[in-house]
S.K.: 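Take this structure, written in structure tokens, and hold onto it; I'll ask about it next.
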There are 2 protein chains.
Amino acid sequence: MTKRADGKEKRSRILESACEVFAEKGYHAATVADICQRAGANVAAVNYYFTDKSALYVEAWQQAYKQSSRPGSPEVADISPEEQLRIYIHSLIKNFSDHDANGQFARLYLMELVNPTGLIHNLWHELIEPMRKVLLGIISEIMGAEVTAETVLFCDMSIVNQCRTLLTVRRSDLEYLLAQPLSVDLINRLADHIITFSLAGIKAVGKSKN
Amino acid sequence: MTKRADGKEKRSRILESACEVFAEKGYHAATVADICQRAGANVAAVNYYFTDKSALYVEAWQQAYKQSSRPGSPEVADISPEEQLRIYIHSLIKNFSDHDANGQFARLYLMELVNPTGLIHNLWHELIEPMRKVLLGIISEIMGAEVTAETVLFCDMSIVNQCRTLLTVRRSDLEYLLAQPLSVDLINRLADHIITFSLAGIKAVGKSKN
DNA sequence: AGATTTCTTAAATGATGATTTAAAATATTA
DNA sequence: TAATATTTTAAATCATCATTTAAGAAATCT
């Protein structure tokens, strides 16, 4: 006997709100009831479709990852590494400021970083490491070969953590600090700021290491 | 009848481990049982001394704040703002890498930022705002008067978030990434990196805005 | 339609963790 | 030391959630 047509709809609605709630509150503070409520589903559905809160969490991770548009290695060809960095930072900032699909994975990642559940140990290397490689490559190119892995890594951390501002600080707090609504324009200005700041930073660090 | 001499000892032991546990796991994931266990106290002691988990949390915040050595406004006098920034970043990094007293407040702050409990709304402005003012002042001085409040704020965010690397990433993960133990020396190199990176960043942003 | 399987639900059960209670232990003062 | 106040404890209670159950509703297939 085959599956029902409507079948997986509720399942995916649950998965969707799981992404939302876990991203917002982290694993512990999120409740199954909350997730199901948002999905318009009965709590038992979590067990039916996913067996567990923890299994749901893992699936939510994978789901959020799949849906996130990661800054891919920009087609090398004739683009200068500086330009690549610009593109990379812009896409990072765009992702991080997004509250759906894209932003969710980044938030899940941050929450796991800050208070690890230990549930996604396997995924970690598989998903995160390749993402890092891209930025590391770009930085290396900008700095030239003379420079140590440590220095490149420091620059990577400098850049990524600047961008994480948007994940760390609540929208309302950010708006309060900046005394203005979080418009697309503001986001773009922030991205440009980080680009200018970081390019100069990289150059300076590169120079001081030779 | 007066208080007992041994009285407040257990109380302060509980407060101490509350700082530890809350800093490590955040409000939700932390359990009263865990806190009391570490303090060698009975769970009921929390109620006796603090009435509540939530009240304990608030006190832990205040305690951690008091114990943290905040980067004070370096005595102005003849120190250049650049030098002030160096000192500031060093002390920030030192605090953030510390796992006792100092680091605890910074971690509590981060955890609250990332997933607010709403329990310390009052303290927020009172404690956090003054801290920010110092760095904002230094940056303003470096950039000169020509520059907008937004630009100064962006720089502030760039710097603080770079330093937050140490709060965000678990020690073991950091050691894995850097392929070396987290020595005092490494911390210092990181601080120096952030200083060089940020000074150049500030200058570049300042120039591009004139 | 009738048989079969998939979904959905309300309510029950269990587990974990916070909070309370009431009695026991320990210190202080006179 | 006796009287009194403070602190500590084990066990009970309560609340919140996660998880299971068992029965009903809705599709699908023959």
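We use all heavy atoms of the structure for the numbers below, so side chains are in, but hydrogens, waters and symmetry mates are not. Per chain, numbering begins at 1; letters A, B, ... match sequence-line order.
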S.K.: Specify the separation, in whole Å, of atom OH of B:Y48 and atom C1' of D:dA10.
M.R.: 17 Å
S.K.: Would you call A:D192 and A:R86 a salt bridge, using N to O less than 4.0 angstrom?
M.R.: no
S.K.: Please state whether the rings of A:H193 and A:F197 are parallel, tilted or perpendicular, taking 30° and 60° as the class boundaries.
M.R.: tilted
S.K.: Would you mind telling me which of D:dT7, C:dT20, C:dT19 lies closest to the side-chain atoms of B:Y49?
M.R.: D:dT7
S.K.: Report the distance from atom CZ of B:R13 to atom C1' of D:dT7, rounded to the nearest whole Å.
M.R.: 13 Å
S.K.: Could you check which residues of residues 20-42 of chain B get a heavy atom under 4.0 Å from DNA chain D? Sort them by number, please.
M.R.: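 Going residue by residue through residues 20-42 of chain B, the ones with a heavy atom under 4.0 Å of DNA chain D turn out to be B:N42.
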S.K.: If you compare every side-chain N and O of A:K8 against the phosphate oxygens of D:dA27 (OP1, OP2), does one of them come in below 4.0 Å?
M.R.: no
S.K.: Given C:dA27, is OP1 or OP2 found less than 4.0 Å from the side-chain N or O atoms of B:K10?
M.R.: no
S.K.: To the closest 0.5 Å, what do you measure between CE (B:M157) and CZ (B:R164)?
M.R.: 10.0 Å
S.K.: Check the distance between D:dT20's P and A:D52's CG and give it to me in whole angstrom.
M.R.: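 Going from A:D52 (CG) to D:dT20 (P), I get 7 Å.
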S.K.: Test of understanding: with side chain to side chain contact (heavy atoms under 4.5 Å, CB included), list the residues that count as partners of B:T117, not counting sequence neighbours.
M.R.: B:Y27, B:Y57, B:E112, B:L119
S.K.: Taking NZ from B:K53 and P from C:dT16, how many angstroms apart are they, rounded to a whole number?
M.R.: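 Rounding to the nearest Å, NZ of B:K53 and P of C:dT16 are 16 Å apart.
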S.K.: Among D:dA11, C:dT6, D:dT21, which nucleotide has an atom closest to any side-chain atom of B:V43?
M.R.: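 Minimum distance to the B:V43 side chain belongs to D:dA11.
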S.K.: Establish, with yes or no, whether the OP1 or OP2 oxygen of C:dT19 is under 4.0 angstrom from a side-chain nitrogen or oxygen of B:N47.
M.R.: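 No, no such contact exists.
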S.K.: Under a 3.5 Å distance rule, please check whether B:S97 uses its side chain to pair with a backbone N or O of B:K94 as donor and acceptor.
M.R.: yes
S.K.: Would you mind listing every side chain to side chain donor-acceptor pair (under 3.5 Å) that reaches into residues 12-23 of chain B, with sequence neighbours excluded?
M.R.: B:E20-B:R38
